[in-house]
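See structure below.
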Amino acid sequence: MKNTQNLRKFWWFDEWQVEEIESWLGDMAARGWHFSRRGLLTAVFTRGEPEQVRYRCEIAKKSSPDFQDRVDFYRQGGWEYVASYGRLQIFRATGDSAIPEIHTDPQEQAGTLRPLFWACLLRLGAALLLLAAIFLPYSLMYGKYLTGLLLRGSVADFVLIILMASILVWMGLGVFAVFEKAKILRQGLPLEHKKKYGKVLVSKPAFLLAVVLVFLFIAVNLIVQVSEQQYILPLPQGDLPVVRIADLAPEAPLYPLEAAEKLDTLNICWTEHSLLVPRQWNSTEYAGLLTEIVPYDTLLVTSCYEARNNWLAARLAEGLRDYSPGREVYGYDGSKLLKTESAFDALWKYHNGNFYEIIVQEGKYVYHVYYQGRVPADTLLELIKAKLESLEDQLPLGRDGA
Amino acid sequence: MAKDRGPMTEAMYYILLALCQPRHGYAIMAAIEEISRGRVVMGPGTLYGVLNRLEKEKLIQLEEDDGRRKTYSITAMGRLALVDEYQRLTALVKDGKGLAGEGEE
């Protein structure tokens with residue numbers, strides 16, 4: 001139902017953009033559109049004669065018991081209450097510039113800004129909390145947000161960080177603006193009632209549109225990620241980018257173990273990928289290896305990562321060293337891993353009898369393995385070196401275990 | 001001695017002056033304009049805010065509230081504060097006079 005007497009316009013301003021609001025409403029009145037009330041996200045204007053009208057935003061709570069008092073008082077002073085926007089109560093005075101401003105004492109007016117300042121500070125705090133909440137899932141899963149971001153982070157994760165940063169800046173701008181207004185007032189200067197607002201009418205909708213689009217992008221990404229099938233496969237007989245038990249002692253026979261046949265979490269492999277670590281191979285292998293009189297239960301839990309560059313691989317290795325969920329099961333923590341001099345770029349080792357945890361970083365590769373077995377760890381390390389070299393030489397095959 | 005609250009704002013000072021006699025909102029504004037010979041013009045927002053604060057600090061009291069208008073007047077403590085401020089301002093002016101006298105301008 002189109003009413004030619006009414007015009008609806010989106011309200012793009014923030015609560016702290018007091019001067020811009022005053023300026024905009026004044027300009028609209030000069031064109032014959034008089035602000036009459038607020039809609040949900042809009043301002044409603046009624047048609048009238050072009051007039052010089054002064055609009056002023058008073059910072060007060062509409063729910064306060066003496067609000068009606070204030071309205072009556074201001075009316076006596078020539079100021080009519082129009083509408084509210086959050087903490088801002090908007091008053092108008094027509095043409096007669098003899099009517100004094102609502103606030104004639106800048107020092108006193110500076111005091112009225114306090115609730116607005118706290119509101120902006122609170123919003124900034126909420127944004128910080130939201131940011132912390134975003135960091136939480138990866139931090140919990142991987143001990144450090146950074147490690148989680150390396151291993152699982154997709155484009156959406158980075159976009160989310162940028163989005164949060166933008167929102168923080170936006171909230172920060174509000175706090176800063178109110179602070180600056182108070183500073184001006186305390187110097188005895190009045191606010192700039194005819195402040196230019198043109199930029200806001202363009203930048204705000206653009207920013208909000210970007211936020212909405214980013215949000216949609218992240219949501220879609222999340223849905224895709226969640227619905228993405230994780231292909232967990234039984235270990236193939238053939239070649240994998242990781243060291244196999246069979247490789248440890250090529251001549252020795254291998255015996256399947258009863259426990260392994262019952263559980264489906266042993267003798268499996270799967271792949272993952274992320275933006276910064278595009279190829280990730282995981283496998284667990286459990287079998288009896290007969291190198292001496294009786295077969296020895298041998299375990300290899302391996303993760304092999306290919307990061308985009310050496311620096312990222314080094315960060316990943318350090319992250320895994322600091323925290324790895326598998327370690328808790330075995331009852332020790334990352335501090336037990338000791339850095340050792342070696343032929344690799346970096347090597348951390350922990351051992352307890354025949355049990356070893358090894359983290360290797362070589363170039364852009366990180367090799368992380370839990371090993372239990374009779375074959376000496378040095379043999380395993382040599383095999384790892386060979387595997388990484390062959391990976392290095394390999395043309396990208398796209399072998400994801402499929 | 002009245003507690004040292006630091007210098008008063010102009011608004012506070014003039015409102016206390018105007019309320020040496022019971023007055024209501026709009027009349028306070030008119031009285032201030034008269035007392036200051038048109039120099040000080042008080043807006044309703046400033047007046048409203050200061051009145052509330054002065055009442056809280058017990059420098060003024062509500063004489064009468066007939067629903068439409070509230071009439072205020074100064075309290076004894078308010079008079080003390082006003083005199084204090086007057087003396088402070090006088091001292092300022094006096095000290096300044098001495099300096100201006102020494103100048104060649």
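Below, read A as the first sequence line, B as the second, and so on, with proteins coming before strands; counting in each chain starts at 1.
Heavy-atom pairs under 4.5 Å with chain B were tallied for A/Gly78, A/Pro100, A/Ala60; the largest tally goes to A/Pro100. When A/Phe91, A/Trp79, A/Tyr74 are compared by the number of non-hydrogen pairs under 4.5 Å with chain B, A/Tyr74 comes out ahead.
You'll find the side chain of A/Asp69 reaches within 4.5 Å of the side chain of B/Lys70, heavy atoms only.
Within the 4.5 angstrom heavy-atom criterion, no atom of A/Asp72 approaches chain B. Both the backbone and the side chain of A/Gln76 come within contact range of chain B, judged by heavy atoms closer than 4.5 Å.
Near-neighbour residues of residues 38-51 of chain B relative to chain A, defined by a heavy atom under 4.5 Å from a heavy atom of that chain, comprise B/Val41, B/Met42, B/Gly43, B/Pro44, B/Gly45, B/Thr46, B/Leu47, B/Tyr48, B/Val50, B/Leu51.
Counted within 6.0 Å of NZ on A/Lys204, heavy atoms from surrounding residues, nucleotides or ligands total more than 12; the atom is thus considered enclosed. Within 6.0 Å of the CD atom in A/Gln187, the count of heavy atoms belonging to other residues, nucleotides or ligands exceeds 12.
The two residues A/Glu108 and B/Thr9 come nearest to each other via the heavy atoms OE2-OG1, 2.7 Å.
A/Phe73 CZ to B/Met29 CE: the interatomic distance, rounded to the nearest 0.5 Å, is 7.0 Å.
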